[in-house]
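Report on the structure given below.
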Amino acid sequence: MKRKFAHVNYKDIPLFKDVTEEEWNDWKWQMRNAIRDIPTLEKVLELNEEERDHLSQTLDQFKMAITPYYAALMDKENNDCPIRKMAVPQLKELYVDPSDLNDPLNEDGDSPVSGLTHRYPDRVLLMVTRECSMYCRHCTRRRIVGETDTSSGKDQLQRDFDYIRNTPEIRDVIISGGDPLVLSDERIDYILTELRKIDHVEIIRIGSRMPVVLPQRITDHLCEVIKKHHPVYVNTHFNHPKEVTIEAQKACEKLANAGVQLGNQSVLLKGINDCPNIMKGLVHDLLMIRVKPYYIYQCDLSEGISHFRTTISKGIEIIENLRGHTSGMAVPTFVVDAPGGGGKIPVMPDYLISQTEKRVVLRNYEGMLSSYTQPSDYHSHDPQKCEYCQNEFLWAKDGVAKLLNEGGTLKPQELRREQRTNGKH
Ligand SMILES: *Cc1c(COP(=O)(O)O)cnc(C)c1O
Ligand code: SF4
């Protein structure tokens, strides 16, 4: 079956029936006309008394913005629609679950300069704006995103660039937000140009949900700008096959034709995509529009999104249903972004069943067990004779890899016995 994606048919929606094709395809028109209040929302979908009341309570605390394009994807009558659940606030957002954390990923704690998170050795997250074209109800960064619709000023950006310039380990910069593509092409060009002036920055990634919620943003001009600064990667955020429209396809193809590798980072969300078959449909659609499924995130512990959370086992079930059953290219890595700032931890079914010195027993996706007989005379190469092993820049300087390479121990500071002796062990 060759997939055919749907066009978003906005002319059927009374609120948009007089909108010209030109306006509709103008991303700035879409941003200006984002749905931000209840009366406008009621012109595109039916709300019952209770929903209206809940919505107004929620809007006292959290912002809503839905691009007309994304609104046109919503089911007007059915409030179980996955698109609607990602866009329309629910009263549950006001509920703070005992497991909720204000900054679950400790992004503030790992922030050496304002607007920048440096957690991993060689890459940083650079937040250039707090604004988005649409506010996803499940947003991890909801504590900052949309709080004020502001972008980092030149001073702050300058300090962030200085940090990157003065930290030679950084070879990968992830431009994030908010949604960096709310910025003008000129500003994006400026940021990319400044980053490209730093010798040790090898790759640049842009994290944006625009291809999903406002594909009109991906203009020829934007692609021309990005193209000047390769290698640039774009990671986007499709969560459901209904989001894969002809418009989204065009946007992704444009970027791909400009030489951009596209990846997708989904969030596992209750009642939206917590189903192996929905996920399989999504990853197949993504490959058709030249996007490689990269991550599926376990929904994290941010405040007010507990109604979206699934168990971790649901993610394992999804991978079990993908790996081997479909193209390896279609299988993302399922990760839990560890609370407290531990970073992304991959989780998957266990494929290694048992082992001795001689053999390893593995299972495949069908449940077939195979034994792999290991070479008895295996020795790794001599690091002294390997130019890469002599390159200190490539050494793992932290973590379990360091223990394997150099021996030693890695002790949690928080152990009571460490505290009794002030760490004098
Ligand atoms: C996700 C993330 C990255 C990038 O992780 P990759 O696994 O390299 O995609 C970098 N920094 C922070 C703080 C992150 O949350
Ligand atoms: S686009 Fe990203 S940052 Fe913006 S609201 Fe959605 S998830 Fe949050």
Open item on the list: Any side-chain to backbone donor/acceptor pair from Asn257 onto Glu253? Under 3.5 Å, distance only.
Closed with: yes
- [ ] Indicate yes or no: does Glu247 engage Lys250 in a salt bridge with an N to O separation below 4.0 Å.
- [x] no
TODO: Indicate yes or no: does Asp80 engage Lys85 in a salt bridge with an N to O separation below 4.0 Å.
DONE: yes
- [ ] Without swapping roles, check the side chain of His230 against the backbone of Ala258 for a donor-acceptor pair under 3.5 Å.
- [x] yes
Task: Test item: Glu51 side-chain N/O and Asn48 main-chain N/O as donor-acceptor pair under 3.5 Å - done: yes
TODO: Decide whether a cation-pi geometry holds between Lys154 and Tyr190; the criteria are a distance under 6.0 Å from NZ or CZ to the six-membered ring centre and an angle within 45° of the ring axis.
DONE: yes
Open item on the list: Any side-chain to backbone donor/acceptor pair from Ser327 onto Ala330? Under 3.5 Å, distance only.
Closed with: no
Open item on the list: Please verify the inter-ring angle class for Phe16 with Trp29; under 30° counts as parallel, over 60° as perpendicular, anything in between as tilted.
Closed with: perpendicular
Task: Approximate separation, where rounding is to 0.5 Å, of Glu107 CD and Leu116 CG - done: 11.0 Å
Open item on the list: Given Arg309, which partner from the list Asp300, Asp100, Asp274 fulfils the side-chain hydrogen bond (donor to acceptor under 3.5 Å, both in side chains) test?
Closed with: Asp100
Task: Gln30 versus Tyr70, side-chain donor and acceptor atoms under 3.5 Å - done: no
TODO: I would like to know whether Ser176 and Arg141 meet side chain to side chain donor-acceptor pair (under 3.5 Å); could you show each step before the answer?
DONE: CA-CA 11 Å; Ser176 172; Arg141 297 208 187 103; 3.0 Å; yes
Open item on the list: For Lys344 versus Tyr295, what's the shortest heavy-atom pair and its separation?
Closed with: CD-CE1, 3.6 Å
Open item on the list: Can you tell whether the side chains of Glu131 and Lys63 come within less than 4.0 Å, N to carboxylate O?
Closed with: no
- [ ] Heavy atoms only: give me the nearest Thr245-Phe5 pair and the separation to one decimal.
- [x] C-CB, 3.8 Å
- [ ] Mark yes or no for whether His138, through its side chain, and Thr140, through its backbone, hold a donor-acceptor pair below 3.5 Å.
- [x] no
Open item on the list: Counting only heavy atoms from other residues, nucleotides and ligands, does the tally under 6.0 Å from CD of Glu366 exceed 12?
Closed with: yes
Open item on the list: Does atom CG (Asn166) have a neighbourhood of more than 12 heavy atoms from anything else shown, all under 6.0 Å?
Closed with: yes
Task: side chain to side chain donor-acceptor pair (under 3.5 Å) between His284 and Thr326, worked out - done: CA-CA 9 Å; His284 287 168; Thr326 191; 2.7 Å; yes
Task: Nearest-0.5 Å distance, CE of residue Met210 to CD of residue Gln216 - done: 10.0 Å
- [ ] Test side chain to side chain contact (heavy atoms under 4.5 Å, CB included) on Val124 and Asp160 and set out the steps.
- [x] CA-CA 10 Å; Val124 291; Asp160 294 337; over 6 Å; no
Task: Candidate pair Leu105 and Thr117, rule side chain to side chain contact (heavy atoms under 4.5 Å, CB included), full reasoning - done: CA-CA 10 Å; Leu105 310 180; Thr117 301; over 6 Å; no
Task: Aromatic contact, His325 with Tyr365 (centres under 6.0 Å) - done: yes
Open item on the list: Please determine whether a side-chain nitrogen of the Lys or Arg among Asp75 and Arg84 lies less than 4.0 Å from a carboxylate oxygen of the Asp or Glu.
Closed with: no
Task: Side-chain (Asn321) to main-chain (Asn277) donor-acceptor, under 3.5 angstrom - done: no
Open item on the list: Please report the interatomic distance CD1(Ile318) to CG(Asn273), rounded to the nearest 0.5 Å.
Closed with: 6.5 Å
TODO: Indicate yes or no: does Arg209 engage Asp179 in a salt bridge with an N to O separation below 4.0 Å.
DONE: no
Task: Gln298 side-chain N/O to Thr310 backbone N/O, donor-acceptor pair under 3.5 Å - done: yes
Task: Residue that, paired with Cys299, satisfies side-chain contact (heavy atoms from CB on, under 4.5 Å) out of Leu268, Ile305, Ile272 - done: Ile305
Task: Donor-acceptor contact below 3.5 Å, side chain Asp110 vs main chain Arg119 - done: no
TODO: Please step through side chain to side chain contact (heavy atoms under 4.5 Å, CB included) for the pair Gln374 and Val360, ending with a clear verdict.
DONE: CA-CA 7 Å; Gln374 309 195 84; Val360 176; 3.7 Å; yes
- [ ] Mind running side chain to side chain contact (heavy atoms under 4.5 Å, CB included) on Thr193 and His229 for me, showing each step along the way?
- [x] CA-CA 7 Å; Thr193 304; His229 305 283; 3.2 Å; yes
Open item on the list: Return the OG1 to CD1 distance between Thr236 and Ile218, rounded to the nearest 0.5 Å.
Closed with: 8.0 Å
TODO: For His381, look at atom NE2 and say whether over 12 heavy atoms of other residues, nucleotides or ligands are found less than 6.0 Å away.
DONE: yes
TODO: Compare every heavy atom of Phe62 with every heavy atom of Leu94, then report the nearest pair and how far apart it is.
DONE: CD2-CE1, 4.1 Å
TODO: Show your working on side chain to side chain donor-acceptor pair (under 3.5 Å) between Asp122 and Tyr120 and close with a plain yes or no.
DONE: CA-CA 6 Å; Asp122 65 345; Tyr120 297 102; over 6 Å; no
Task: Presence of salt bridge, Asp162 and Arg159, under 4.0 angstrom - done: no
TODO: Indicate the atoms forming the closest heavy-atom contact of Leu91 with Gln57, along with that distance.
DONE: CD1-OE1, 3.6 Å
Task: Exercise: identify the closest heavy-atom pair between His240 and Pro82 - done: NE2-CG, 3.6 Å
Task: Expected output: side-chain Lys292 to main-chain Met329 donor-acceptor under 3.5 Å - done: yes
Task: Heavy-atom closest pair, residues Thr167 and His200 - done: O-NE2, 3.2 Å
TODO: Find the distance between CD1 (Ile278) and OG (Ser266) and round it off to the nearest 0.5 Å.
DONE: 11.5 Å
- [ ] Please answer whether the main-chain N or O of Pro383 pairs with a side-chain N or O of Gln390 as donor and acceptor at a distance below 3.5 Å.
- [x] yes
Task: Spatial distance of atom NE2 (His54) from atom CD (Glu93) [nearest 0.5 Å] - done: 12.5 Å
